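Computed from a predicted model, the values in this text were never measured in an experiment. Heavy-atom basis, side chains included; hydrogens, waters and symmetry copies ignored.
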Amino acid sequence: MSNIYDYKAIEAKWQGRWDKSGVFRVERDRQKKKFYLLEMFPYPSGKLHVGHLRNYAIGDAIARRKRMQGFNVLHPIGWDSFGMPAENAAIANKSHPYKWTSNNIDEMRSQFKMIGISYDWEREVATSHPGYYKWTQWIFARMFDEGIAYRKKSFVNWCATCVTVLANEQVIDGLCWRCDNKVEQQERDGWFLKITDYAEDLLKGLKQLEGDWPLRVLTMQKNWIGKSFGAQVDFKIEGGGDITVFTTRPDTLYGATFMALAPEHPLSRKLACGTELAEGVENFIRKTVSQNTIERSAEGVEKEGVFTGRYAVNPLNNELIPIWIANFVLIEYGSGAIMSVPAHDQRDFEFARKYDLQIRVVIAEDKKSVEESPEELALDGDALVEAYTGDGLMVNSGPFNGLDNRKEGMAKVAEYLKEKGIGERTINYRLRDWGVSRQRYWGAPIPIIYCDKCGPVRAPDDQLPVILPTNVEFPESGLSPIAGLDSFIDTICPKCGGPGRRETDTMDTFICSSWYFNRYTSARLKTALADREDVDYWMPVDQYVGGIEHAILHLLYARFFTKFLNNIGAVSVNEPFRRLLTQGMVIKDGAKMSKSKGNVVPLDGIVRKFGADATRLFILFAAPPERDLEWSDAGIEGSFRFLNRVYRLVEGNIESIKKGAEVTEGAPGKIGEMPKDLAIIVRATHKTIAKVTSDFDRFQFNTAIASVMEFLNTLTAYKFKDDPLSCAVLREAVEYIALLLQPFTPHFSSEIWEMIGHTEPVTDELWPVANDACLKDEEVLIVVQVNGKLRGKFSASPDVSKEEMEKLAFADEKVKGFIGDKPVRKVIVVPGKLVNVVI
RNA sequence: GCGAAAGUGGCGGAACUGGUAUACGCGCUGGAUUUAGGAUCCAGUGGGAGACCAUGGGGGUUCGACUCCCCCCUUUCGCACCA
């Protein structure tokens, strides 16, 4: 008898069977309750590594268990196959992204099969396939029609290394999310999606997800959307023109002693134009704008500014206030201009101190000070050490004096502004429109044609997909090979029939992944992005599993697309993912495992050495799913050993186990009549079922697996006899081990199941249910404490009375010794658990 | 700075609503088997000679605290001039 089970043969055998029989293929079936389980699909970077495995092992465990619970489970996989690495690799190897990508997909597909994930392979999609991106373009076309996709010139995030523009969500701490290089600001034309139109819907939708999504993700999205209430106010510029500002503090308007514009603000250059200040202003703007995001926004960067020489009129008191340009004012937020209230805003305060600008207090901290010394308040702006940002009573504010700033002031000032037609209450969001133009080749072409007469016109639906030409050469620079490709560019305007030029930018790949979950419901359909009945049956995704790194990016975009598709009547759901499980990252050498960081632990070597089952089991056993996991090879042998022990138990007792099938009634019914020690095994069996079930419901795979291991320890410690009842007990134990492990170690479970004589596959079995009668112990251990410290134990019937427990506790010799002759002050008895004697 | 999560043996991690802290696994020690190694099996394994002491530190509530409350420290993550 070999010590190591033949995992290679076993895994190949079952993978072959699953492939051939197509057990994991599903069809829409209104009779059955559906369950849509989805893991975030991978970018086909080459090979699976243990970081990938975690995601897919978790997903597969859930999918397989749901199948065992009788659900019609949709569990598909595909490829997020557009993207820069393919293009860069192609340039480096003088190959083509198409080839590189499809080779990688082939490699990764075979690896997915090698680890036995229960996918419906008939639904496989690849976002770089024309049959897929046709519908990506179709959605873009709808967005164009609805005014959601639009073109504008603006300051955008530019990554020089990737030679392309990035969305705000793709800039992490001022660095490119992909290559970690510094991002610069550049003024460019490009396509944007008006995600801001959906800001309120996206925010509201988060409420619906509460409890089903990790709170962390909900909070991050909420902060990202960043809703704030306030007012917009128009300030007249002395000598003509006006500036609109957004403020959350209309109650401090009387304290606005200067204005500040973002350097990028269109008026910044104009205001000083032709004056002797023009040069200084120009220099300041140029210097500030050329700084990258980090240099400009890092903590502790000093506030700087320059005076434009011009003044605006405070609309409430008609005072002239100087207009400055300041580095801390952001063009992206609000209107890119602010009214500055140094007494009540720390940033304005620092700026005012530096440039010696007036500071006027308009909110008094408490009532008393207003009543006692009203005249002093007008003066003490200079005495402030920092801005007062709290609430209080309005002072120095004309007719508003004495009002509670928050309860009345804000509304009253806003009302007044509205009456005068110089402002109103408004809501501002931090969320910006999504810049989606990418100056790279390997992405979905934006289906737009420029015509000198008609402007940008979208390609008609019957001309979709706009095919990305594959017969191209790649310049070393990383510039897109289609940017100068006349055969692609030159076309006819669909509107007027005149000459037209195709857009050569491609779409951000996050667009491709914003709707793919719909496509799985009818992956090969040629006439629509998804069959309406199919998509209505399967969507939403019941359980989504993916990395926390997409908390904002992908998860926000996918929600936005779903709301848009719902809006145009293409789908019925409003939120794509009912429940979300964010698994922690797999860390190696202190960084998230990824190919670009060069710290990947490839899967194939490990699987070769221990088998797919042991590898999957280990990664689920090593830590709870949400926690980060520092990878080490060290523990995997334990999982492998465990499987070997189970295998040997079955192989070594195969005759008894088979004989056990002849006892027709099964062990649980006979628990009352069997020997005590055998009954303990039956109880352990059913307790394990109950424990694995409840742990699984909470996705605590690590403890679920631990309890099966513990059960095996109990089982192997017991000397089974060969009588029919013992055989039945052993058989039952082995059967449940196979069933409970099936979601984690499917090949192994299948093999065990077959070995003990089953002809139907274990993957078709139902999830076991513990027998309640077997969960109750015959005896329980009662602990005895003296003054809260453990001093003794005894066992008793689980329904032992409190009086009896107390009696038994005091009878314990050790306990007696600790009590001595001291008086007993109190005795606490927890039924069936513990006695605590207080002396 | 703000917000969130976390801190338990040599290591990964258990402990559901306060009730035997350290389940399960790794590693380590000793033994059995083996020509040897590997594999396997058995026993042991928080610290301390000990009464006792231990869940980041310090207080508190309680008969009883990893669990609840207060203060502090550390780590990780997110946000960070958002007007």
Side-chain angles (χ1 to χ4, degrees), chain A residues 1-4 172-173 214-217 219-220 223-224 226-228 230 245-249 252 256 260 262 296-303 326-330 332-341 344-348 350-351 428-432 548-549 551-552 584-585 587 617-618 621-624 626-639 641-642 644-645 648 691 694-695 698 700 702-713 716-717 781-793 825-830 832-839:
Chain A
M1 186 168 97
S2 159
N3 280 325
I4 293 176
I172 316 284
D173 292 334
L215 191 62
R216 179 147 86 114
V217 176
T219 313
M220 280 166 73
N223 292 341
W224 189 263
K227 182 179 187 176
S228 47
V245 304
F246 171 75
T247 177
T248 54
R249 297 293 304 273
T252 63
R296 202 166 141 187
S297 67
E299 192 176 1
V301 168
E302 197 171 353
K303 291 176 182 31
N327 64 344
F328 69 92
V329 181
L330 307 171
E332 316 91 74
Y333 188 75
S335 60
I338 61 169
M339 64 174 213
S340 292
V341 186
H344 304 292
D345 181 289
Q346 187 58 25
R347 295 155 299 176
D348 298 346
E350 285 167 30
F351 194 82
N428 199 54
Y429 297 93
R430 205 190 81 117
L431 183 68
R432 308 305 341 140
I548 184 72
E549 64 274 18
I552 293 175
M585 295 186 287
I587 309 286
L617 191 68
F618 173 65
F621 175 68
E626 307 238 3
R627 203 180 295 190
D628 283 351
L629 170 62
E630 170 80 38
W631 177 261
S632 100
D633 296 340
I636 190 164
E637 297 214 28
S639 306
R641 246 175 245 163
F642 164 72
N644 278 309
R645 287 177 64 205
R648 280 199 304 272
K691 172 82 172 138
S694 69
D695 283 353
R698 293 179 294 145
Q700 300 273 323
N702 55 332
T703 50
I705 293 164
S707 67
V708 182
M709 289 176 167
E710 206 174 345
F711 178 50
L712 179 72
N713 292 343
T716 49
L781 190 69
I782 311 281
V783 297
V784 186
Q785 297 178 332
V786 177
N787 283 347
K789 284 189 175 138
L790 179 67
R791 298 303 187 200
K793 325 174 173 189
R825 288 167 44 204
K826 203 172 175 184
V827 181
I828 285 117
V829 182
V830 182
K833 275 215 167 130
L834 129 165
V835 179
N836 188 11
V837 182
V838 187
I839 54 173

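For the pair A:Thr716 and A:Thr703, nearest-nucleotide mapping onto RNA chain B gives the more 5' position to A:Thr703.
The side chain to side chain donor-acceptor pair (under 3.5 Å) test applied to A:Asn223 returns no partner, not counting sequence neighbours.
Contact check, A:Ser228 against B:A83: a side-chain N or O comes under 4.0 Å of OP1 or OP2. Remark: A:Asn702 is in phosphate contact with B:A14, judged by side-chain N or O atoms under 4.0 Å from OP1 or OP2. Look at A:Arg648 and you won't find any side-chain N or O under 4.0 angstrom from OP1 or OP2 of B:A39. For A:Arg645, no side-chain nitrogen or oxygen approaches OP1 or OP2 of B:A39 to under 4.0 Å. Look at A:Arg430 and you won't find any side-chain N or O under 4.0 angstrom from OP1 or OP2 of B:C79. Phosphate contact (OP1/OP2 of B:A4, side-chain N/O of A:Asn223, threshold under 4.0 Å): absent. Between A:Arg791 and B:C52 there is a side-chain N or O to OP1 or OP2 distance below 4.0 Å. The phosphate of B:C53 has OP1 or OP2 within less than 4.0 Å of a side-chain N or O from A:Lys789. Contact between the side-chain N/O atoms of A:Arg641 and the OP1/OP2 oxygens of B:U40 is found at a separation under 4.0 Å. The phosphate of B:G19 has neither OP1 nor OP2 within less than 4.0 Å of any side-chain N or O from A:Lys833.
Closest to the A:Leu629 side chain, of the nucleotides B:C26, B:G12, B:C82, is B:G12. The side chain of A:Ala622 lies closest to B:G12 when the candidates are B:G12, B:A23, B:C81.
For the pair A:Lys303 and A:Phe351, the cation-pi test (distance below 6.0 Å, angle within 45°) is failed.
For the strand RNA chain B, secondary-structure stems (runs of at least three Watson-Crick or G-U pairs, all distances below 3.5 Å) span B:1-7 with B:73-79, B:10-12 with B:24-26, B:27-32 with B:40-45, B:56-60 with B:68-72.
Using a 4.5 Å cut-off on side-chain heavy atoms (C-beta onward), A:Thr716 and A:Arg645 make contact.
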